[in-house]
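What follows is one structure encoded as structure tokens, with my remarks underneath.
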Amino acid sequence: GQSLEQPSEVTAVEGAIVQINCTYQTSGFYGLSWYQQHDGGAPTFLSYNALDGLEETGRFSSFLSRSDSYGYLLLQELQMKDSASYFCAVRDGRDDKIIFGKGTRLHILP
Amino acid sequence: ETGVTQTPRHLVMGMTNKKSLKCEQHLGHNAMYWYKQSAKKPLELMFVYNFKEQTENNSVPSRFSPECPNSSHLFLHLHTLQPEDSALYLCASSQDLGASQETQYFGPGTRLLVL
């Protein structure tokens, strides 16, 4: 079956770097997306990786290894406003549906 | 602002009530989605519309009834709900289906409580 695994919670210190991992198991694969959701807010799209390697967008980077069915979101120079939940998502190759992970709650300490 | 609006933002209803959730997107997208978000669960896809036509009904109970009068508007009609239906209901849109689905724009959601 299809599944995505990501840690339920991660804690880091303001100004530091944190990595949120996501492993996936799907029938076929197109790419891995990441979304951010603040409490009470809408999920917002952060990044999409279709090819292996690291994609950088400002303080956020996303990595994909298709051979390992693994990706991560890297957040640098953490700010308090980065406290949110982060979801990975894939499009299943069998039925073309988008599947979301359960989300990783990022806590940032001052 | 993501260009997707939802009303109401909060809703409390009894199990015998009928209510509707509304979603509007101002992005010129062709595909729209309803999701259910419950605590400690992944986002659950409920319905997908593309060019006003329903393309996906993810085994959703009939007490949830979607309506898409045009590509910009999406409704979710609710009737005889159960307390376990209490959740955040999110609307999203994307340019089209296929690869475009992997970049979705979400509304702020309707927080629903069924008593």
Side-chain angles (χ1 to χ4, degrees), chain A residues 1-10 20 22-26 28-51 55 57 60 62 64 66 71 73 84-105, chain B residues 1-10 21 23-27 29 31-50 54-60 87-112:
Chain A
Q2 312 100 315
S3 69
L4 290 106
E5 296 293 331
Q6 52 181 131
S8 58
E9 290 184 273
V10 171
I20 299 173
C22 175
T23 57
Y24 58 86
Q25 185 174 15
T26 58
F29 176 79
Y30 295 100
L32 184 70
S33 301
W34 287 94
Y35 288 81
Q36 177 193 59
Q37 185 179 26
H38 287 100
D39 283 348
T44 55
F45 174 80
L46 290 177
S47 67
Y48 174 69
N49 293 64
L51 303 175
E55 297 272 347
T57 309
F60 292 8
S62 55
L64 176 66
R66 297 174 69 112
L73 182 68
S85 292
Y86 293 85
F87 298 86
C88 56
V90 297
R91 179 163 60 108
D92 189 90
R94 183 189 60 183
D95 56 16
D96 219 35
K97 289 182 186 179
I98 299 294
I99 307 165
F100 286 84
K102 291 185 179 182
T104 298
R105 178 79 184 187
Chain B
E1 287 294 328
T2 62
V4 181
T5 58
Q6 290 186 244
T7 55
R9 293 293 309 277
H10 300 273
L21 310 185
C23 175
E24 184 174 358
Q25 56 96 359
H26 311 275
L27 301 168
H29 288 168
M32 296 187 76
Y33 311 78
W34 279 117
Y35 288 90
K36 177 183 179 182
Q37 187 175 36
S38 305
K40 301 190 188 295
K41 284 187 172 182
L43 277 168
E44 299 173 54
L45 179 65
M46 300 175 72
F47 301 104
V48 181
Y49 278 81
N50 194 39
Q54 185 175 312
T55 62
E56 191 71 43
N57 177 339
N58 225 20
S59 304
V60 179
L88 181 68
Y89 288 85
L90 289 161
C91 173
S93 71
S94 65
Q95 186 60 56
D96 288 295
L97 297 183
S100 300
Q101 292 182 88
E102 300 190 78
T103 306
Q104 295 188 22
Y105 296 80
F106 284 82
T110 296
R111 177 70 63 185
L112 173 67

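Numbers restart at 1 for each chain; the letters A, B, ... are given by sequence-line order, proteins then strands. Since this is a predicted model, take the numbers as computed values, not measurements.
Taking OH of Tyr35(B) as the reference point, atom CZ of Phe100(A) lies at 4.0 Å (rounded to 0.5 Å).
Of the two parts of Leu90(B), only the side chain, counted from C-beta on, holds a non-hydrogen atom closer than 4.5 Å to a non-hydrogen atom of chain A. Contact of Glu44(B) with chain A is not made at all, since no heavy-atom distance falls under 4.5 Å. Proximity to chain A (any heavy atom under 4.5 Å) is shown, for Tyr33(B), by neither the backbone nor the side chain. Heavy-atom distances place no part of Arg111(B) under 4.5 Å from chain A, backbone and side chain included. Of the atoms belonging to Ala92(B), not a single heavy atom falls under 4.5 Å from chain A.
No more than 12 heavy atoms of other residues, nucleotides or ligands lie within 6.0 Å of OH in Tyr105(B), so this atom counts as exposed by the packing criterion.
Among all heavy-atom pairs drawn from Gly107(B) and Ala42(A), the shortest one is O-CB, 2.8 Å.
Counting heavy-atom pairs closer than 4.5 Å to chain A, the top residue among Gln101(B), Glu102(B), Arg9(B), Gln104(B) is Glu102(B).
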For Leu88(B) and Gln37(A), what are the C-alpha separation, side-chain angles and deciding distance, and is it a side-chain contact (heavy atoms from CB on, under 4.5 Å)?
CA-CA 13 Å; Leu88(B) 181 68; Gln37(A) 185 179 26; 4.0 Å; yes
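Counting only distance, with no hydrogens or angles, the side chain of Tyr30(A) and the backbone of Gly98(B) share no donor-acceptor pair below 3.5 Å.
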